[in-house]
Amino acid sequence: MNKTNTTKWKDEDAKITWEKLNSAKIYTPDSSLHTFQRNPFTQPWYRDMGNLGSPVNNLMFTPEDRVGPSLGYHINDVYRMNVDSLNYYSTNRPYSIFSYQLGSKLEQTASIMHSQNIRPNWNFMVDYRKINSPGEFKIQRNNHDIAGFSTNYLSLDKHYVFKAAMVYNKIQHDENGGIVNDSELVPGSGYTDRKTVDVAYQNDLYSANNTRSAITNVQRDFTMLIQHSYRWGSYDTTYNSDSTSFTHKLIPRFSITHKMELSTEMHAYKDLNPDSLRYSSIFTNNFGSLGTGSYVAGEDSVYAQQKWFWIDNKVLLNGFIGRNGHQSEVSAGLGNRYDEFISTPVNNIIKDSLPKLYYSTGLDRSSVLSNYVVAEIKKEALTPGAWQYDANAKFFFSGNDAGNFLLDASLGKQLKNNLGSFVVGFRQSVNSAPYSYTNFENNYIKQFYNFSNESVSTLYATLDIPKFRFSAGVKNYLIGNYIYINDSEKPAQYTIPFTITQGWLRKVFNIGKVFLDNELVFQQMPQNAPVNVPALMGRHQLSYEIALFKRRLKIATGIELRYNTSYHAAGYDALLNKFFYQNSTYVENYPEESLFLNFRISRFRAYVMVDNIQQLFTSNTVLYTGSPVLNYYGSGTSAIPVYTAPDLMLRFGFTWVMVN
């Protein structure tokens with residue numbers, strides 16, 4: 001006899017939503033197919049070095065985001081999780097997403113995210129991503145581990161709000177220095193296997209199977225955030241349609257917020273098989289153990305490590321004005337932070353009794369205590385027809401970075417009838433040079449640089465009209481004392497103010513089930529500014545999209561084209577792990593082409609794509625240049641290596657959403 005009582009069971013639809021830190025906007029999952037095949041790490045105008053997981057540069061010029069103390073390594077930011085941008089979920093059922101992507105040459109990306117409410121007012125989320133790609137050429141492996149955690153709690157009386165997050169990022173990049181002789185890529189050259197093409201940093205004595213490079217860059221960071229608030233206000237009671245139940249909603253009028261962040265970040269460069277010529281422009285050393293593959297600090301290797309530890313605390317007083325759902329928030333507070341920078345190993349010169357100079361490795365440590373004030377007034381557009389505005393400021397008044405500030409203001413409106421929205425804004429920042437630009441040290445040399453504060457002023461406007469599948473924007477930068485890496489591959493400052501104007505638009509046309517998606521970007525560049533970006537970029541996608549079998553199967557298939565005008569491509573310096581300005585190598589590439597098939601069945605989405613079709617017509621799509629190589633073939637002349645796109649590739653990927 002079955003005695004199971006199911007009369008109290010509820011068959012509720014899954015409800016999955018999330019918010020961002022310090023925002024009341026509600027987001028829901030996206031299950032669209034239109035651009036599902038695109039690589040998320042190169043959108044919209046980023047470009048890697050021809051291998052998944054390699055350093056990325058934005059071809060649409062964007063200054064580095066820095067105010068106050070910073071370490072200054074940003075070329076891997078697209079892969080990293082950021083503690084301030086994690087999602088804070090609310091789910092009535094356990095919610096998981098598993099994604100996997102596979103490409104030619106063992107290119108792989110796997111990720112899993114799980115979110116679940118412990119109680120109706122308490123949720124947690126864990127997220128992990130693995131990227132591994134040996135690459136098509138020699139010794140260019142990338143191996144990344146990325147993880148994040150977030151939790152949010154709201155007390156039953158709605159007064160206390162708690163949010164916490166942690167992220168861990170480990171980015172490992174093997175350096176091959178680029179292809180020394182790109183004529184080896186030409187059909188008929190005898191180099192049919194790309195793994196046999198000569199690269200700048202190859203050394204057959206270091207590794208028997210040549211799968212790993214003797215030169216690596218590793219970036220690792222861990223950040224923790226805790227933010228909690230206590231709110232005072234009045235209650236609003238909402239009844240259901242037949243008045244049999246009700247809910248309380250707190251309308252806040254005043255709150256106190258405390259936010260603490262703690263972070264540690266490390267960047268390490270390691271060359272276990274150095275060539276004296278490779279470093280001749282920086283220091284002179286004869287490496288006695290060259291070719292042994294061993295690591296003896298200060299004798300047969302080049303090793304440089306920089307660490308950054310910081311802890312930041314701030315307290316805010318917040319006031320709320322207006323009715324529920326249309327409130328303006330006014331905040332003001334004080335912040336205090338401690339920053340510590342360490343370089344190791346560095347040389348300490350000591351005299352012995354002979355006297356004779358000898359070296360012992362040590363570390364260089366510097367720390368600073370800073371204080372700052374913050375203020376903000378904000379109103380979000382949470383309903384159609386509502387206005388939004390935001391003005392916030394941050395000013396450092398003590399410490400080494402005293403005088404650094406950020407001022408950001410925007411005004412916009414959410415248009416009615418689903419027409420869209422528009423935003424206009426202004427941003428200005430004055431910032432000091434990051435630590436990695438002012439201090440370069442290893443076990444052979446110390447180099448220090450002094451720079452004036454950099455200033456960046458930005459004016460922008462955007463328009464988004466989903467109903468007509470149209471969006472556009474314009475942005476203007478005014479930059480003074482621009483800090484960058486020059487063509488000598490050293491930190492430098494361009495003291496002449498310059499402006500960069502950008503405009504972009506996107507319009508999707510459709511006739512029945514045929515869609516033509518068009519994106520264009522124009523950048524007006526000053527003639528002499530040390531910036532490497534193309535003037536015009538475009539991307540066009542022609543697709544056929546249909547739903548079959550009573551809409552249970554949805555398909556989007558087509559062709560995508562991406563291109564840019566010819567320009568001086570940026571250079572990449574492995575020693576500094578940064579892109580640098582160069583004006584000697586001019587590149588003009590074929591448009592990049594791909595064919596794709598995307599499909600969705602219930603909560604399962606997948607794609608199959610043939611990528612880099614342009615490589616059937618050209619063998620030398622240059623993406624970046626490398627550091628000059630001296631006397632590589634024993635001819636006594638220098639060669640400028642290049643980083644190129646991989647050959648024709650087949651990629652496959654899927655995302656499976658699981659709701660229990």
Side-chain angles (χ1 to χ4, degrees), residues 12-36 40-41 43 77-99 111-129 146-156 158 160-169 223-229 231 247 249-250 252 255 257 259 261 324-325 327 329 378-384 386 388 390 412 414 418 421 423 464 466 600 602-605 655-660:
E12 296 179 311
D13 292 334
K15 184 178 180 181
I16 314 296
T17 62
W18 67 82
E19 300 177 355
K20 296 292 187 179
L21 188 68
N22 300 324
S23 175
K25 288 186 177 181
I26 304 296
Y27 298 88
T28 56
D30 178 19
S31 60
S32 63
L33 284 179
H34 182 65
T35 58
F36 180 63
F41 306 117
Q43 304 305 314
D77 284 358
V78 295
Y79 306 110
R80 299 166 64 184
M81 290 187 188
N82 191 307
V83 73
D84 282 320
S85 59
L86 292 182
N87 297 334
Y88 294 89
Y89 283 86
S90 176
T91 68
N92 62 348
R93 293 185 181 182
Y95 176 66
S96 303
I97 303 176
F98 177 69
S99 298
S111 66
I112 185 167
M113 189 281 297
H114 177 76
S115 178
Q116 183 173 341
N117 271 46
I118 302 171
R119 296 177 180 176
N121 57 331
W122 185 12
N123 176 275
F124 77 93
M125 180 276 297
V126 291
D127 196 356
Y128 172 75
R129 179 167 63 240
I146 316 294
F149 168 83
S150 71
T151 184
N152 62 96
Y153 170 82
L154 176 64
S155 64
L156 295 177
K158 318 295 185 183
Y160 181 68
V161 181
F162 174 82
K163 292 183 178 180
M166 291 183 291
V167 297
Y168 172 79
N169 301 288
T223 305
M224 179 179 68
L225 175 149
I226 295 175
Q227 178 174 295
H228 50 142
S229 304
R231 308 181 298 181
T247 58
K249 180 176 290 186
L250 179 68
S255 71
T257 300
K259 180 180 180 181
E261 292 180 90
N324 190 38
Q327 286 189 316
E329 180 179 356
K378 176 176 68 176
K379 178 183 179 296
E380 295 185 285
L382 303 177
T383 58
Q388 68 180 64
D390 184 15
Q414 191 75 27
N418 197 31
S421 61
V423 177
D464 185 20
R600 177 162 69 90
S602 185
R603 299 190 181 100
F604 180 85
R605 288 186 294 169
T655 295
W656 186 13
V657 176
M658 293 164 278
V659 181
N660 295 336

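Residues take their numbers from the sequence shown, with the count starting at 1. Atom set for the values below is all heavy atoms of this structure, side chains included, hydrogens, waters and symmetry mates excluded.
Between Asp127 and Met125, the closest side-chain pair of non-hydrogen atoms falls below 4.5 Å.
One distance of note links CZ of Phe124 with OG of Ser115; it measures 7.0 Å at 0.5 Å rounding. The CZ atom of Arg231 sits 12.0 Å away from atom OH of Tyr160, with the distance rounded to the nearest 0.5 Å.
For Lys158, the NZ atom counts as loosely surrounded, since its 6.0 Å shell holds 12 or fewer non-hydrogen atoms of other residues, nucleotides or ligands. The environment of Lys15 atom NZ is sparse: at most 12 non-hydrogen atoms of other residues, nucleotides or ligands sit within 6.0 angstrom.
Between Tyr95 and Tyr89, the ring planes lie tilted relative to each other; the angle falls in the 30° to 60° range. Aromatic ring pairs are classed by plane angle as parallel below 30°, tilted from 30° to 60° and perpendicular above 60°; the pair Trp122 and Tyr153 is perpendicular. Ring pair Trp656/Phe604 is perpendicular by interplanar angle, where above 60° counts as perpendicular and below 30° as parallel.
The shortest non-hydrogen separation linking Lys20 to Ser85 is NZ-O, 2.9 Å. Asn123 and Thr151 get closest at one heavy-atom pair: O-OG1, 2.7 Å. Asn169 approaches Arg80 most closely through the heavy-atom pair OD1-CA, 3.3 Å. The two residues Asn117 and Thr91 make their nearest non-hydrogen contact at OD1-N, 2.8 Å. The two residues His114 and Pro94 make their nearest non-hydrogen contact at CE1-CB, 3.9 Å. The two atoms that bring Tyr88 and Leu225 nearest to each other are OH-CD2, 4.1 Å, heavy atoms only.
A donor-acceptor pair is defined here as one N or O able to donate and one able to accept, closer than 3.5 Å; such a pair exists between the side chain of Gln327 and the backbone of Pro252. For the pair Thr17 (side chain) and Tyr27 (backbone), a donor-acceptor distance under 3.5 Å is absent. Distance alone, capped at 3.5 Å, is enough to place a donor-acceptor pair between the Arg600 side chain and the Ser31 backbone. Remark: side-chain polar atoms of Ser150 are paired, donor with acceptor, to backbone N or O of Asn87 under 3.5 angstrom. Remark: side-chain polar atoms of Arg129 are paired, donor with acceptor, to backbone N or O of Tyr79 under 3.5 angstrom. Of the possible donor and acceptor atoms, one in the side chain of Ser23 sits under 3.5 Å from a partner among the backbone N and O of Lys25.
Inspection of the Glu19 and Asn152 side chains reveals no N or O donor paired with an N or O acceptor under 3.5 Å.
Salt-bridge annotation for Asp84 and Lys259: present, with a side-chain N of the basic residue lying under 4.0 Å from a carboxylate O of the acidic one.
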